[in-house]
There are 4 protein chains.
Amino acid sequence: MSAKSFMELAISQAKNNQKMTEKQQKIVEVAIEMFAEKGYASTSTSEIAKAAGVAEGTIFKHFGSKEKLLYSVILPFLVESVPVLADEFIQDVLTKPYQHFESFLTAIIKNRLDFVKRNKEIFKILVVELLNRDDLREQVISFFQQSPNQLINNIFDTFKHRGELIDLPNSTLIRTMLTQIFGYFIFRFALFPTLDWDDTIEVEHLVLVILRGIGKKE
Amino acid sequence: MSAKSFMELAISQAKNNQKMTEKQQKIVEVAIEMFAEKGYASTSTSEIAKAAGVAEGTIFKHFGSKEKLLYSVILPFLVESVPVLADEFIQDVLTKPYQHFESFLTAIIKNRLDFVKRNKEIFKILVVELLNRDDLREQVISFFQQSPNQLINNIFDTFKHRGELIDLPNSTLIRTMLTQIFGYFIFRFALFPTLDWDDTIEVEHLVLVILRGIGKKE
Amino acid sequence: MSAKSFMELAISQAKNNQKMTEKQQKIVEVAIEMFAEKGYASTSTSEIAKAAGVAEGTIFKHFGSKEKLLYSVILPFLVESVPVLADEFIQDVLTKPYQHFESFLTAIIKNRLDFVKRNKEIFKILVVELLNRDDLREQVISFFQQSPNQLINNIFDTFKHRGELIDLPNSTLIRTMLTQIFGYFIFRFALFPTLDWDDTIEVEHLVLVILRGIGKKE
Amino acid sequence: MSAKSFMELAISQAKNNQKMTEKQQKIVEVAIEMFAEKGYASTSTSEIAKAAGVAEGTIFKHFGSKEKLLYSVILPFLVESVPVLADEFIQDVLTKPYQHFESFLTAIIKNRLDFVKRNKEIFKILVVELLNRDDLREQVISFFQQSPNQLINNIFDTFKHRGELIDLPNSTLIRTMLTQIFGYFIFRFALFPTLDWDDTIEVEHLVLVILRGIGKKE
DNA sequence: AATGAATGAGACTTCATTCAT
DNA sequence: CATGAATGAAGTCTCATTCAT
């Protein structure tokens, strides 16, 4: 498992995705719920089977192993967590000169906040597994470092030219941004999902904080 | 386990702490290492026994159960993670009028950064267990909300009087602070401990970010 | 299964034999290969299905059960392993007085060597199953003791009359012969098929050895 | 398993052998019985546990895996099946000029016949596993080719010098001998152990047969 | 205090087989 | 004729825990 790259797995998953039986979908659904609640390691396949109303063998017929079931849950989320950057909106930013970095940042954060909010459980599962699996962690790091390179670099270069970002390597800028955003997400969605949070305020905070960190005062 | 409050457990642990034999200490040491690396649920007591060079039974003689061993690891960390607020330094802040909130914040962050740095592994274990155990999460929340109430409230009130903090309930202020700090710690120490981080810069960033969020512009 | 006699099964198999579709033949082919390589018990029907390029259900549609598939492999071999004695050649021996037992023996051994050589895999499967299945073993014993009785008895009586065989019960003579021949076959084909063997020499040896054992010095 | 050489495994087994609990011995005992009766692959560890009167876990505590239990059964047999050649008897043959190859052969065959007779079950298990496991087969071949080289070569050279053996490479002579002996053993002990066999006659036959094959007529 | 043999529940997984399509 | 989703019993193995020594 650890040897294969993400995308290979994600692609082979994708193929199955289309053919997913009703039962298969139910299994994934239940797995997400239970993995999120008690953790992958503490959830047994027999529990999942029971809760999904299928025979235990069915899980293995379709997913091969418990671990592959985990990846069937995690990978689509991971893949979907990035490509959105290719959105029309982002293309806008690059072409319309009056768009400020702040708007861009706000949009990104709102968008990703919404995404994670809709996938709270998987996000939590991912965080725990990132903590426990060296190989997954490394693959995710290199995945995020490589995949959107071209596009993201363009965007950051653009804003640097416009004098809205301080002059540090893009990689540094990005890491600072991600630290803030994901640190916040983890705290909010994974650790303390039951506390009340006011999205408007939270987004505003995050934006300010990041702007202050890597933005240039005009 | 979930029924007992933290402090009861912590106290009963403390008693044992003093009597810890060499083997006991080795067990705790090894447990920290392995829990941090693969997670509590995926670490077996037999592995721990082997790595610690003791018989399987020895672990249970001393700690009673695997779960109690976990708490023997977590609780001292949790307890130690707060009381430092009673430091002489903090007393200083309250009495010396020229101390700014910024210095206070910087000091706190440096101090806690140092503490977590020295206890990376336990911190990681705690985070995972917080994610997986509802009861632990709730107890920690109420533990942090109650325990230092008196002292912390005084501090925040003081700075509010001095006009350095915006006029929001202390609980809100504290949560904003903690979100930033812990979100950052988790990202840095638990998720991506192998990346390079520059402490001076990071602390500065954190301070700015928080000041901007809850500080008052003079 | 164990209750039915060989011949009943063999006959019912024979019927199917003629109707065998392409897929059925592929299944049998693959089954022979895999049973021979890893043993019947360690080969799963799903492996066979995959290797044969058919659906799992197809195997059961045609053969009913895994065990019946095994017998579909073994029985034709067993049946074919004897009747050859009804050959024209053997008829010759009985009628032509100048034929010596040595020629007869050489012919038989060459013939069976050739047969087993062409069916190495099935022979190996049969040996293993004889080792593991009491009922099969007993049925084979009685099958070989009964089936060609008439014919074989005639042959041995003939050679006894000609003074070429020592005066022991036919059953003893036959067993001595079979022990040598099959003992050799098992060693050569089942156990160490990768070693090099020189057929001419090996046959000569076997003949000498058996002649010495049950032949009469003129 | 397949990577490690025999002797390494045999030695590590030997260590355990000395410390064998009563329960461990019972497990091995029962395993031999059941493996011999139904085959390794068709015997479940739960059956063994039940028949041995132990918990299933106990088997794995002591033997690690079902396969290692198999090797705990097979290896001592394999090792013991050779070294006997270092016997006083054999030393005798080499030093006493009046000892004929025939006596030597008779002694060897009697000795090994006795050995296999006393270990019928394990012999049968070994034969089946040799048939099903490529790696075991290869290791056994090289084990028998290497281990007693020195001694055996001396013996055969001695008899060649005395003019009692035909002038072929020792390896050829040995293989011819082994084929006869083991071919016979397999037929007798593994395949048809219920038939009646007269040891005196059988040994005599085997000796004659082999003498005829590789002995020199004076 | 420490051991390690023993346990049995339960984990993940495989298997032969069935059946609706 | 052929498929492949679904099954649930059974298989191997792991685990936390106990207890006699």
Side-chain angles (χ1 to χ4, degrees), chain A residues 19-24 27 41-50 52-69, chain B residues 19-24 27 41-50 52-69, chain C residues 19-24 27 41-50 52-69, chain D residues 19-24 27 41-50 52-69:
Chain A
K19 304 176 207 160
M20 271 230 218
T21 322
E22 218 175 303
K23 303 224 172 196
Q24 277 182 75
I27 290 167
S42 303
T43 303
S44 75
T45 50
S46 83
E47 281 175 294
I48 296 173
K50 207 172 292 167
V54 300
E56 208 169 348
T58 307
I59 294 177
F60 292 90
K61 239 315 96 51
H62 288 302
F63 299 93
S65 71
K66 192 187 168 192
E67 202 177 21
K68 280 186 193 154
L69 173 58
Chain B
K19 305 179 207 158
M20 275 231 218
T21 64
E22 219 173 305
K23 300 223 171 198
Q24 279 182 72
I27 290 167
S42 303
T43 303
S44 74
T45 50
S46 82
E47 278 177 295
I48 295 173
K50 202 177 294 169
V54 300
E56 295 205 39
T58 307
I59 292 177
F60 292 89
K61 258 278 166 334
H62 287 303
F63 299 92
S65 74
K66 190 188 169 193
E67 204 176 20
K68 280 186 194 154
L69 173 58
Chain C
K19 304 179 209 159
M20 273 232 218
T21 64
E22 219 174 305
K23 300 224 172 195
Q24 277 183 74
I27 290 168
S42 302
T43 304
S44 73
T45 50
S46 81
E47 279 176 295
I48 296 172
K50 201 177 293 168
V54 300
E56 295 205 38
T58 306
I59 293 177
F60 292 89
K61 257 279 168 328
H62 286 304
F63 299 92
S65 74
K66 190 187 169 192
E67 203 175 20
K68 280 186 193 154
L69 173 57
Chain D
K19 303 177 207 159
M20 272 231 218
T21 322
E22 220 174 302
K23 303 222 171 197
Q24 277 182 76
I27 290 167
S42 303
T43 305
S44 76
T45 51
S46 83
E47 281 176 294
I48 296 173
K50 207 173 291 167
V54 300
E56 208 169 347
T58 307
I59 293 177
F60 292 90
K61 249 289 138 27
H62 287 302
F63 299 93
S65 72
K66 192 188 167 192
E67 203 178 20
K68 280 188 194 152
L69 174 57

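Proteins come first, then strands; the chains are lettered A, B, ... in the order of their sequence lines, and each starts at number 1. This one's a predicted model, so the numbers in the text were calculated from it and none came from an experiment.
- For the pair T58(C) and E47(D), both in contact range of DNA chain F, the more 5′-proximal nearest nucleotide belongs to T58(C).
- Look at dC12(E): its Watson-Crick or wobble partner, with both distances under 3.5 angstrom, is dG11(F).
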> S46(D) and E56(D): side chain to side chain donor-acceptor pair (under 3.5 Å), yes or no, with the steps?
Replying inline: CA-CA 6 Å; S46(D) 83; E56(D) 208 169 347; 4.8 Å; no
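- In a base pair of the Watson-Crick type (N1 to N3 plus N6-O4 or O6-N4) or a G-U wobble (N1-O2 and O6-N3), with each distance short of 3.5 Å, dA1(E) is matched with no nucleotide.
- Counting to the nearest Å, the P atom of dC1(F) and the CD1 atom of I27(C) are 11 Å from each other.
- Here the closest heavy-atom approach between residue S42(B) and residue A41(A) is recorded as OG-CB, 3.5 Å.
- With hydrogens and angles ignored, the 3.5 Å screen pairs a side-chain donor or acceptor of K66(B) with a backbone N or O of T43(B).
- Residues K23(B) and F60(A) both approach DNA chain E. Their nearest nucleotides, taken by heavy-atom distance, put K23(B) toward the 5′ side.
- Taking 4.0 angstrom as the limit, S44(B) places none of its side-chain polar atoms (N or O) nearer than this to OP1 or OP2 of dT14(F).
- Distances from the side chain of E56(B) to the nucleotides dG8(F), dA16(F), dC13(F) place dA16(F) closest.
- To the nearest angstrom, C1' of dC15(F) lies 12 Å from CD1 of I48(B).
- OP1 and OP2 of dA2(F) both lie 4.0 Å or more from every side-chain N or O belonging to K61(C).
- For S46(D) and G57(A), each mapped to the nucleotide of DNA chain F holding its nearest heavy atom, the one lying further toward the 5' end belongs to G57(A).
- Under 4.0 angstrom from either OP1 or OP2 of dG11(F) there lies no side-chain N or O belonging to T45(D).
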>> What verdict does the side-chain contact (heavy atoms from CB on, under 4.5 Å) test give for L69(C) and I48(C), after you've listed the backbone C-alpha separation in whole Å, the side-chain angles of each residue and the deciding distance to 0.1 Å?
In response: CA-CA 11 Å; L69(C) 173 57; I48(C) 296 172; 4.1 Å; yes
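- Nearest heavy atoms, K68(A) versus F63(A): CB-O, 2.9 Å.
- Contact annotation: H62(A) side-chain N/O to dG4(F) OP1/OP2 distance is not under 4.0 Å.
- Of the residues near DNA chain E, K66(A) and T43(C), the one whose nearest nucleotide (by heavy atom distance) lies more toward the 5' end is K66(A).
- Atom pair Q24(C):CD and dC1(F):C1' shows a separation of 10 Å (rounding to whole Å applied).
- The distance from atom NZ of K50(C) to atom P of dT3(F) is 15 Å, rounded to the nearest whole Å.
- Here T21(A) contributes atom OG1 and H62(A) contributes atom NE2; the two are 4.0 Å apart, rounded to the nearest 0.5 Å.
- The distance from atom NZ of K50(B) to atom OG1 of T45(B), rounded to the nearest 0.5 Å, is 11.0 Å.
- Think of the region where chain B sits on DNA chain E: with heavy atoms and a 4.0 Å cut, that region ends 5' and 3' at dA1(E) to dG4(E).
- With a cut-off of 3.5 Å on both pairing distances, the Watson-Crick or G-U wobble partner of dT21(E) is dA2(F).
- In this structure, F63(C) atom CZ and dC1(F) atom C1' are separated by 13 Å, rounded to whole Å.
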